[in-house]
Amino acid sequence: MGKEHRDSGIDIIGRVPWGTHFCQFYDTGQDLLDILVPYFQAGLESNEACMWVTAGPVNVQDAREALGKAVPDLDRYLGNGQLEIIPYQEWYMLGGVFDLDRVLNGWVDRLDRAVAKGFSGLRLTGNTAWLERKDWQSFAEYEEAVDRVLGRYRMIALCTYCAGLCGVSEVADVISNHQFALMRRSGRWEIIESAQRKRAEQERERLLELTKQQNEELQAQNEELRAQAEEIHAQEEELAAQNEELRQNEEKFRLIANTYPGTIFIQDNGLRYTYVTHSLHYSDPAGSRGMTDFDLYPEDQARELALVKRAVLESGKGTYAEFQLTVKGDSRWFGCGLEPWRDAAGKIIGVLGYSRDITDQKLAEEERERLLLEVEAKRQQAEEAVKLRDVFLSVASHELKTPLTSLLGYAQLMQRSMQREGTVDPQRLQHVLEVIGQQSDKLARLINQLLDVSRIESGKFIIERKSTDLAGLVESAVSNARARTARHIIQANAPARLEASVDPLRLEQVLGNLLDNAIKFSPEGSVIEVEVHALDEQNARIAVRDRGIGIPPERRADLFSRFYQAHQSGYSGGMGLGLFISKQIVELHGGTIAAEFPEDGGTRFVVELPKSEQRTL
């Protein structure tokens with residue numbers, strides 16, 4: 001259900017999934033009709049049940065007349081129950097009281113009826129012009145509850161708010177409880193995204209779940225390795241028990257030798273085989289007698305066997321060793337237990353040994369080592385994921401909280417001023433609005449950066465090429481940068497025109513990041529140079545040069561990494577994403593971005609781009 005999209009009927013929004021919960025701030029009744037008429041027209045044409053709860057400047061009759069002009073057979077929809085238009089008193093304020101649970105359950109009940117009648121789902125709107133100040137908190141809790149549960153249902157909800165009745169804090173409450181908002185600016189409707197809180201929480205939950213899964217995998221692998229180790233230990237204990245039994249029960253030697261799954265042998269002081277049970281490493285046991293290891297194996301392997309066996313003869317102490325021997329062209333591993341062979345007087349007259357093929361056991365040990373290495377690698381990956389999560393949460397929390405704190409502070413300042421004085425000085429109000437606008441823009445940029453990182457990680461980060469004048473694009477970026485600072489001199493060196501097939505919005509984002517860095521890390525009064533020119537017929541180059549503090553050599557390697565701050569202290573701002581995102585944008589264009597460090601100080605970022613889209617056959 002979550003992936004099914006519906007036509008919203010609103011051009012600026014397009015198609016939206018079931019569970020969408022958004023709002024509109026309007027100034028006039030016409031603002032309402034501009035959005036709600038196409039919104040419901042699309043729902044009716046898509047076989048959706050529609051419910052319009054009216055209030056404020058548009059009553060039931062106004063809604064019917066306006067919708068009737070767009071939907072000629074409106075009476076048919078009203079008659080078959082696909083469309084309801086009712087005043088707010090009959091929905092929100094039954095008995096003169098707003099009941100959150102009753103209204104929520106009412107929407108779900110309407111949806112169940114609509115589905116039972118064969119409609120695809122429920123499309124609804126409600127106007128809040130009836131809200132009084134005393135009802136605002138309970139209605140905000142209602143909106144929060146709607147936003148929390150709506151995603152589970154086949155519903156689309158549009159809540160409308162009179163902009164003139166909402167203060168700064170009310171606007172903030174409304175936006176935080178909706179996925180996005182529609183607001184008219186300069187005669188045009190714009191979308192205000194507001195889901196950063198949910199996305200941050202979802203990302204945090206995703207990282208926690210990933211860590212939990214990795215820990216569970218590590219635990220399962222450790223249990224498997226522990227079981228394998230116990231099995232190997234059991235095998236070793238079995239061999240030790242057999243050796244002990246051989247030493248303590250010499251009188252049963254032949255019986256045990258004939259039942260032993262490997263080979264038991266005796267060699268004299270010259271290391272010639274005098275007794276062999278079964279086959280000696282897959283050779284003829286009878287033919288092995290009288291031979292030495294040099295007659296049976298390659299010289300280097302035989303020499304290794306002789307060294308160990310002579311050590312037993314000389315020391316009189318038994319040992320266990322493992323050998324890799326070539327038998328009939330096949331390389332196999334053998335575990336060999338050796339003891340001094342004594343006569344009745346206790347004199348060492350040879351070596352008593354047993355040999356068993358342990359190739360499978362060695363392979364199991366090698367597999368165990370491989371699994372241990374995999375476990376360690378996954379543990380390190382988990383630690384890196386946790387570190388990355390902690391860095392993200394720390395940086396995002398600080399950077400997002402800074403503009404929010406400023407917005408809240410100035411809003412409270414104005415509120416106290418109004419409560420105390422009953423009015424606000426126009427110049428002071430202008431200053432506060434400018435600060436609120438600046439902090440809102442900063443917050444929007446931070447959120448867009450986080451969205452870009454999410455799109456990059458999910459593979460949904462794309463560019464849309466079109467023919468663009470790079471020279472004009474650079475001039476525009478420089479002009480915008482000059483408007484952001486009066487402390488620097490920004491010079492642009494560009495030809496009259498330089499055409500290239502690029503994504504102008506994304507490339508402007510790269511230029512903005514580079515210029516912001518140059519401004520941030522350059523001393524007051526210094527010159528920042530921006531140049532663009534054609535390298536050849538196929539490629540163009542853009543460079544941004546500052547004369548700031550530069551970047552320490554030891555911190556240059558990770559310059560384009562995610563969340564990386566080249567200057568750890570003394571410089572504030574940003575989440576360490578600008579250069580990372582810029583690199584992704586440039587590489588999606590088929591280009592490169594690099595940093596140069598001139599001898600006279602500062603930093604020069606160089607972007608090289610193909611002027612046309614590169615295609616491979």
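Remember, predicted model here, so these are calculated numbers, not experimental data.
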Got [X] and [Y] here, is their nearest side-chain heavy-atom distance under 4.5 Å?
X	Y	value
Thr485	Ile490	yes
Thr592	Leu609	no
Leu559	Ile551	yes
Tyr88	Thr54	no
Ile191	Ile12	yes
Leu182	Phe25	no
Trp189	Gln24	yes
Ser476	Ser479	no

Checking [X] now: which residues fulfil salt bridge (Lys or Arg N to Asp or Glu O under 4.0 Å) with it, not counting sequence neighbours?
X	value
Asp536	none
Arg188	none
Arg547	Glu529
Asp503	none

Taking side-chain hydrogen bond (donor to acceptor under 3.5 Å, both in side chains) as the definition, give me every residue that meets it alongside [X], ordered by chain and number, with sequence neighbours left out.
X	value
Gln584	none
Gln491	none
Tyr92	none

Of all heavy-atom pairs between [X] and [Y], which one has the smallest distance, and what is that distance?
X	Y	answer
Val532	Ala494	CG1-CB, 3.4 Å
Gly525	Ile489	O-CD1, 4.2 Å
Cys23	Val174	SG-CG1, 3.6 Å
Ile593	Val586	N-CG1, 4.0 Å
Ser612	Ser501	CA-CB, 4.1 Å
Ala66	Val37	CB-CG2, 3.9 Å

For the [atom1] atom of [X] and the [atom2] atom of [Y], what is their distance to the nearest 0.5 Å?
X	Y	atom1	atom2	answer
Tyr39	Trp52	OH	CH2	11.0 Å
Leu32	Ile35	CG	CD1	9.0 Å
Thr603	Ile549	OG1	CD1	8.0 Å
Ile156	Leu124	CD1	CG	9.0 Å
Glu531	Ile542	CD	CD1	10.0 Å
Leu507	Leu473	CG	CG	5.5 Å

Subject >> Pair His178-Tyr161, side-chain contact (heavy atoms from CB on, under 4.5 Å): steps then yes or no >> reply: CA-CA 12 Å; His178 294 81; Tyr161 290 80; 4.0 Å; yes

Side chain to side chain contact (heavy atoms under 4.5 Å, CB included) partners of [X], counting only residues at least two apart:
X	result
Lys466	Thr468, Pro504
Arg541	His533, Leu535, Val606, Glu608
Glu587	Lys583

Any donor-acceptor pair under 3.5 Å from [X] side chain to [Y] backbone:
X	Y	answer
Thr128	Thr160	yes
Arg545	Gly602	no
Asp62	Asn59	yes
Ser46	Gly43	no

Original post:
Residues two or more places apart in sequence or in another chain: which of them pass ring pair (Phe, Tyr, Trp, His ring centres under 6.0 Å) with Phe22?
Top reply: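 Checked Phe22 against ring pair (Phe, Tyr, Trp, His ring centres under 6.0 Å); matches are Phe180.
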
Going by an N to O cut-off under 4.0 Å, is there a salt bridge joining [X] and [Y]?
X	Y	answer
Asp31	Arg184	yes
Asp516	Arg484	yes
Glu596	Arg556	no
Glu4	Arg154	yes

Subject >> Among Leu470, Val510, Ile585, the one residue meeting side-chain contact (heavy atoms from CB on, under 4.5 Å) with Val502 >> reply: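 The passing option is Leu470.
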
**OP:** Run through Val544, Asp469, Asn493, Val530 and flag the one making a side-chain contact (heavy atoms from CB on, under 4.5 Å) with Val474.
**Re:**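 With Val474 as partner, side-chain contact (heavy atoms from CB on, under 4.5 Å) holds for just one option, Val530.
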
Subject >> Pairs flagged by salt bridge (Lys or Arg N to Asp or Glu O under 4.0 Å) wherever residues 7-25 is involved - sequence neighbours left out >> reply: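 The answer is none; no pair qualifies.
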
Original post:
What's the verdict on side-chain contact (heavy atoms from CB on, under 4.5 Å) for Ser526 and Arg487, showing C-alpha distance, side-chain angles and the deciding distance?
Top reply: CA-CA 8 Å; Ser526 64; Arg487 301 186 305 108; over 6 Å; no

Subject >> Ring centroid separation Tyr153 to Trp18 under 6.0 Å >> reply: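 Not close enough - the centres of the two rings lie 6.0 Å or further apart.
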
Original post:
Can you list the steps and then say if Met183 with Glu190 is a side-chain contact (heavy atoms from CB on, under 4.5 Å)?
Top reply: CA-CA 5 Å; Met183 182 176 291; Glu190 295 181 3; 5.7 Å; no

Subject >> Side-chain donor-acceptor pair present, Gln509, Asn513, cut-off under 3.5 Å >> reply: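 There is no such pair (donor and acceptor under 3.5 Å, judged by atom type) between the side chains of Gln509 and Asn513.
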
Subject >> Between Glu499 and Ser467, a side-chain donor and acceptor under 3.5 Å >> reply: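 Yes, because at least one side-chain N or O of Glu499 sits under 3.5 Å from a partner of the opposite role on Ser467.
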
Original post:
Stepwise, does the side chain to side chain donor-acceptor pair (under 3.5 Å) test hold for Tyr26 with Asn127?
Top reply: CA-CA 10 Å; Tyr26 66 88; Asn127 192 294; 3.2 Å; yes

Original post:
Does NZ or CZ of Arg123 come closer than 6.0 Å to the centre of the six-membered ring of Phe40, within 45° of the ring's axis?
Top reply: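 Negative - Arg123 is either too far from the ring of Phe40 or too far off its axis.
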
**OP:** Evaluate side-chain contact (heavy atoms from CB on, under 4.5 Å) for Lys611 paired with Leu498, printing each intermediate quantity in order.
**Re:** CA-CA 9 Å; Lys611 291 193 288 185; Leu498 179 57; 4.1 Å; yes

